[in-house]
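This report concerns only the one structure given below.
No hydrogens, no waters, no symmetry mates; every other heavy atom, side chains included, goes into these values. Throughout, protein chains are lettered first and strands after them, A, B, ... in sequence-line order, and every chain is numbered starting at 1.
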There are 2 protein chains.
Amino acid sequence: MTQTQTNKKYPAKGLSHSNSKIETKVGRPKEFDEDQVLERAMNYFWDHDYDSASLSDLLKAMKISKSSFYQTFSSKQRLFERCLALYAKEQIQWINKQLQHKTAVEILFDILHISISEIKEFGEIRGCLLMNNAEVCYKKYPDLCALIKQQFMQFHETFKTIINNGQQAGNISTYYDASTLSSIFINTLNGLSIMIKAGADKEMIEAVLKGFKQQLQTKQ
Amino acid sequence: MTQTQTNKKYPAKGLSHSNSKIETKVGRPKEFDEDQVLERAMNYFWDHDYDSASLSDLLKAMKISKSSFYQTFSSKQRLFERCLALYAKEQIQWINKQLQHKTAVEILFDILHISISEIKEFGEIRGCLLMNNAEVCYKKYPDLCALIKQQFMQFHETFKTIINNGQQAGNISTYYDASTLSSIFINTLNGLSIMIKAGADKEMIEAVLKGFKQQLQTKQ
DNA sequence: TTTGTTTTGTACTAACTGGTACAAAAATGG
DNA sequence: CCATTTTTGTACCAGTTAGTACAAAACAAA
């Protein structure tokens, strides 16, 4: 399969990321970049939950053959676990990066607005990879559930930190503590995502945003 | 297949419900009650989304044979459509019944608490049949999406009416109009459901409940 | 060139998916 | 008892699922 990396004799495997094996110079070289392929898989899973994403569809999205797939990723579940980890890592990195040039309130509303505006960009809402699969994996794939919970908690911590910053900077009310507001924010974000998937109109979306805005400023 | 209705020569088909055909006295009589079997299917779908519920699992839950199934319900999708309709009808009926002996605030918090406490009763959270499938059906089954949206709007109207009652009775603040609060309530309820499926702990759940309680009373 | 190592392509599997064909069974009306 | 009508049981279908077996291909080291 012709690939971006085909002419490159040794793809940057093991050089950039900790989850790749150490590069060995023996044997036939891989015709693809493992990290790039993993990124493609993650993006596919983002739009198709674990069960809905069939292996053959995944392989097309990843642009590798079945034999290469099993050799590199062992199984569909193992691949998905790596995708979940990659997702959480990238998202949290992105969020933390925002802290350098935005206020806490700006970051939170940016996240809400980006989520909603995905409809225009992708033709559909993507939601959160974790949450999209929480539904499907619940009581069906305990191993995946445990991983989802673990990374969900990481997100909660991340938002808590941001909100705490905002409270110390005086942009966010201290009526609720940072942990409480982090839960409320996550609830708002996820609620919105599935409300939209269920067909919520603009007015309903605005209502929820208005409600959350008020909660960040409650003095009462 | 031995059934509750086996000895009863003519099950009450067509007598009680509009969606059943008019009873004919010719031909071999059905060995099951259509409404009862539909109820079983609905309950099974409540715990297993449309894709996850395989036909063979459904048949076991419904306690009818494949031939009886296709004769009566035509296809898996048709069955599911009837289950969605039955769910919305029963739930909205239940909610409206509560209005007779409870305040609006009591009803809303009862719904929230019942949803959460399902964990203890069923060992897992069931969530809302509509919302559980909004995720799965989104961009995959347009017909089902349309039906979900339609009934989602019915729920929104129902909660709007209840909240309006509460506002006129003075139990709920009029800072937000009834429609806005209805959206906020649905958002809270659905957000909670998937947060719990993602592994949210007690503290996070309480945070969201606290936030919603405050929103019902905002004067600011 | 041979040996060792790894990746890749092709072919296959068994189990499961929703759905159908058709004859036997069970009732009614004549 | 027979014809008609409907339900039921049994057997089947093609397509898909995740996953495997194995040989051919592509490289490095000797």
Distance only, no hydrogens: is a donor on one side chain within 3.5 Å (strictly under) of an acceptor on the other, for B:Tyr87 and B:Asn133?
-> no

State whether the distance check finds a donor on one side and an acceptor on the other, under 3.5 Å, for side chain B:Lys66 versus base D:dG9.
-> no

Interface with DNA chain D, restricted to residues 49-58 of chain A and to heavy atoms under 4.0 Å = A:Ala53, A:Ser54, A:Leu55, A:Ser56

What is the distance, rounded to the nearest whole Å, between atom CZ of A:Phe32 and atom C1' of D:dA26?
-> 15 Å

Would you kindly check whether a donor in the side chain of A:Arg28 faces an acceptor in the base of C:dT7, or vice versa, at under 3.5 angstrom?
-> yes

Would you say the base of D:dG9 and the side-chain of B:Ser67 have a donor-acceptor pair closer than 3.5 Å?
-> yes

Would one find more than 12 heavy atoms of other residues, nucleotides or ligands at under 6.0 Å from atom CD of A:Glu203?
-> no

Please give, in whole Å, the distance from C:dG9 C1' to A:Lys30 NZ?
-> 16 Å

Just one of B:Val208, B:Leu209, B:Leu216 clears the side chain to side chain contact (heavy atoms under 4.5 Å, CB included) bar with B:Phe212, so which one?
-> B:Leu216

Side-chain donor/acceptor of B:Lys76 to base of C:dG19, under 3.5 Å = no

Any ion pair linking A:Glu124 and B:Lys139 (charged N to carboxylate O, less than 4.0 Å)?
-> no

When the distance from CZ of B:Phe69 to P of C:dT20 is rounded to whole Å, what number comes out?
-> 11 Å

Using 4.0 Å as the upper bound for N to carboxylate O, is an ion pair formed by A:Lys76 and A:Glu81?
-> no

Can you give the donor-acceptor pairs under 3.5 Å from side chains of residues 143-150 of chain A to other protein atoms, not counting sequence neighbours?
none

Look at the aromatic rings of B:Tyr141 and B:Tyr50 and report parallel, tilted or perpendicular, splitting at 30° and 60°.
-> perpendicular

Between C:dT8 atom P and A:Leu59 atom CG, what is the distance in whole Å?
-> 13 Å

Give a yes/no answer on whether the side chain of B:Ser68 brings an N or O atom under 4.0 Å of OP1 or OP2 in D:dT8.
-> yes

What integer distance in Å separates A:Tyr70:OH from C:dT10:C1'?
-> 16 Å

To the nearest Å, give me how far apart CZ (B:Arg78) and P (C:dT20) are.
-> 11 Å

Rounded to the nearest angstrom, tell me the gap between atom CD in A:Gln71 and atom P in C:dT5.
-> 14 Å

Distance, rounded to the nearest Å, where A:Lys140 contributes NZ and D:dA18 contributes P | 12 Å

